[in-house]
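A short write-up of the structure that comes next.
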Amino acid sequence: MANSALALWPIPRNMTSGSTALKLDHGFNIEVDVQQAPSDLHDAVQQAQKYLENDKLGRLVVGRGSNDSTAISGAKSVKKLKLSLEDGASVKSITDESRAKFEDRIEGYKLSIPADGSDATLVANSTLGLYRGLTTFGQIWYTYGQDTYTLEAPFDIEDSPAYPYRGLGLDTARNYFPVENILRTIDAMSWVKINTFHWHITDSQSWPLELSDYPELAQKGAYTSSQVYSEKDVQDVIAYAGARGIDVMLEIDTPGHTSVIGNAYPDYVACQNEAPWATYANEPPAGQLRFPLEEVQNFTAGLLSSIAKQVPGNYFSTGGDELNEKCYTDDPVTSQYLNSTGTTLNDALDQFTKVTHAPLVAMGKTPVVWEEMVLNYNLTSLSNDTIVMTWISSADAAAVADKGFRIVQAPSDYFYLDCGGGGWVGDNPKGNSWCDPFKTWQYAYTYDPLANLTATQAALVLGGEQILWTEQSGPENLEPVVWPRAASSAEVFWSAAQPSGQPLNATEALPRLHDVRYRMVQRGLNAINLQPQWCALRPHECDLYS
């Protein structure tokens with residue numbers, strides 16, 4: 001590639017480009033040659049046209065493209081991008097394609113942009129693949145004066161993801177995020193081909209989710225009546241995401257992280273608000289579901305199924321992390337039940353999982369759990385279809401794979417976006433946090449999803465995600481905390497390697513990530529700077545050993 005700052009992110013897995021200037025014709029249009037094309041494909045085309053017209057991103061070089069004038073003036077113009085599906089491909093909406101099971105999700109595409117001004121073509125086996133290709137097409141072009149151009153024609157790209165799961169997790173329970181902030185986050189996710197929004201929507205601190213079947217939970221558990229997500233809000237987010245090639249996976253964390261349920265159902269929660277909280281919970285306030293009790297199991301099963309039926313995707317997270325066992329041994333109700341029935345905590349958790357997962361499986365949902373559910377307990381109720389998210393350490397993937405479960409990798413030591421803010425609990429003079437230091441984009445970018453895994457274990461890795469837990473975040477700092485850092489895992493799990501086959505390399509990637517960040521800013525996102533602009537305009541001149 002002649003221009004090291006070519007802004008393709010994630011980098012396509014197979015591509016060639018040239019060194020010929022090419023312009024977009026002032027009448028450039030995108031033609032959809034798809035019979036009975038779904039409305040969201042037409043919407044995606046309009047969106048792509050809007051970005052092409054409004055990005056107006058100057059090339060990240062000294063002069064911002066002024067030295068390209070001669071090349072631009074003599075360049076040929078491409079008038080059309082023609083979209084089509086491969087022969088035999090079924091025509092479904094982008095939304096439906098984005099919600100398919102991982103093994104059925106088709107995101108590949110072929111993009112050709114000749115240098116002679118003839119029509120560019122984008123071909124895929126699905127409308128979702130066409131959407132991914134439109135995203136790549138939009139990253140190719142810069143603006144100088146009245147011209148939108150590239151210096152890298154011709155392009156031939158054949159691309160598809162290395163991993164089917166590429167996520168971003170957001171906690172909206174510790175602090176509340178208005179829907180508009182979530183929608184902007186989804187936009188940004190789509191720009192880097194992230195395909196799963198992992199929405200951790202409730203936790204011990206608040207229950208902002210309104211449910212017609214369980215209205216008391218939000219009435220007594222939301223911070224305020226205005227800091228809630230109505231059932232319509234959830235549907236709006238799901239629909240918005242689907243049209244952008246993104247599935248929404250809700251998480252209702254149980255049986256831990258549920259103190260707030262005790263506000264509405266006090267008999268169902270053990271050690272609620274007990275002090276000192278640190279004895280009974282990883283975070284205040286203390287309180288966990290009394291999961292050994294049959295009435296609590298049935299309540300939770302009804303609650304989860306009520307929520308899951310509103311989510312059209314195939315995956316639903318029931319959590320299962322950070323269960324505090326002392327909470328139950330010190331809780332008279334739970335301990336009396338366990339002692340009188342001769343039930344172990346492990347067996348009770350097994351039964352709880354069986355009862356609460358059954359309605360999810362019955363409606364076609366695949367349960368997703370945190371790693372403790374398979375590494376800390378022996379639960380025969382977890383089917384092999386269950387997906388396990390690792391988080392405590394990147395080293396835990398092998399142990400999960402040894403048990404035969406599919407894995408989503410979200411290790412805190414690489415991917416937690418909240419780390420590095422210092423400790424947030426009071427009376428902490430050192431101000432340190434368990435997951436310090438800050439996880440830089442460079443460090444996240446070095447993550448190897450297959451490190452220390454055998455070939456059999458590696459086949460179980462579905463992908464991974466970066467996550468923002470929001471003890472110290474809100475709508476005020478959401479975008480600079482997440483972007484462009486979260487683009488690092490997007491490329492790790494889409495590209496896996498450079499087009500040459502060489503490993504991903506942060507030095508090579510930095511100029512491209514600058515372009516991603518600047519384009520995000522052009523689109524109104526408050527993405528944080530990676531370096532002084534002097535460096536951004538001079539690729540590699542700020543490298544440590546340049």
Side-chain angles (χ1 to χ4, degrees), residues 8-15 30 32 34 37-38 40-41 43-45 47-48 81 83-112 121-140 155-168 186-198 238 240-249 312-315 366 387 406 408-409 449 459 461-465 486-497 499 504 516:
L8 300 187
W9 194 286
I11 192 75
R13 299 181 70 201
N14 297 281
M15 69 169 292
I30 301 174
V32 179
V34 176
D40 59 7
L41 179 59
D43 292 343
V45 166
Q47 179 191 71
L81 171 65
L83 272 59
S84 62
L85 291 176
E86 298 275 10
D87 290 343
S90 59
V91 181
K92 300 178 183 177
S93 68
I94 295 169
T95 298
D96 287 344
E97 294 280 3
S98 71
R99 296 170 183 166
K101 291 183 177 181
F102 294 128
E103 59 268 26
D104 299 327
R105 208 170 287 183
I106 303 171
E107 299 182 79
Y109 63 93
K110 297 176 184 177
L111 175 62
S112 177
T121 60
L122 174 58
V123 183
N125 273 321
S126 71
T127 57
L128 179 58
L130 292 177
Y131 186 78
R132 301 294 183 227
L134 282 171
T135 300
T136 299
F137 185 83
Q139 294 175 334
I140 284 170
F155 289 89
D156 281 293
I157 297 172
E158 186 170 349
D159 197 15
S160 61
Y163 296 91
Y165 185 109
R166 305 173 309 282
L168 177 68
I186 287 169
D187 278 333
M189 291 167 61
S190 74
W191 300 337
V192 292
K193 301 185 176 74
I194 292 174
N195 71 352
T196 305
F197 176 50
H198 172 197
I238 290 171
Y240 193 88
R244 286 153 183 80
I246 295 169
D247 191 18
V248 175
M249 182 178 75
N314 286 286
Y315 306 97
T366 297
I387 295 171
R406 291 178 295 169
V408 169
Q409 307 217 39
V461 177
L462 292 171
E465 68 175 43
S488 56
S489 63
E491 183 155 286
V492 166
F493 291 107
W494 177 284
S495 308
L504 296 177
V516 173

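Source: prediction; values computed, not measured.
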Any sub-3.5 Å donor-acceptor pair from [X]'s side-chain atoms to [Y]'s backbone N or O?
| X | Y | result |
| --- | --- | --- |
| Arg406 | Ile387 | no |
| Thr127 | Lys92 | yes |
| Gln139 | Trp9 | yes |
| Ser93 | Pro38 | no |
| Asp159 | Arg13 | yes |
| Asp40 | Ile94 | yes |

Open item on the list: Taking side chain to side chain donor-acceptor pair (under 3.5 Å) as the criterion, tell me which of Arg244, Glu107, Gln47, Glu97 meets it with Tyr131.
Closed with: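 Going through the options one by one, the only one that passes is Gln47.
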Task: side-chain contact (heavy atoms from CB on, under 4.5 Å) between Tyr163 and Val461, worked out - done: CA-CA 8 Å; Tyr163 296 91; Val461 177; 3.8 Å; yes
To the nearest 0.5 Å, what is the distance between [atom1] on [X] and [atom2] on [Y]?
| X | Y | atom1 | atom2 | value |
| --- | --- | --- | --- | --- |
| Ile246 | Phe197 | CD1 | CZ | 9.0 Å |
| Phe493 | Ile194 | CZ | CD1 | 11.0 Å |
| Leu111 | Thr121 | CG | OG1 | 7.0 Å |
| Asn195 | Ser190 | CG | OG | 11.5 Å |
| Gln409 | Leu462 | CD | CG | 9.5 Å |

- [ ] Return the minimal non-hydrogen interatomic distance between Pro10 and Ala490, and the atom names on each side.
- [x]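 Result for this residue pair: CB-O, 4.1 Å.
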Open item on the list: For the residue pair Thr136 / Lys193, report whether a side-chain donor-acceptor contact shorter than 3.5 Å exists.
Closed with: yes
Task: Residues Ser98, Asp247; criterion side-chain hydrogen bond (donor to acceptor under 3.5 Å, both in side chains); working and verdict - done: CA-CA 6 Å; Ser98 71; Asp247 191 18; 5.7 Å; no
Task: Whether Tyr315 and Phe102 hold their rings parallel, tilted or perpendicular, with breakpoints at 30° and 60° - done: parallel
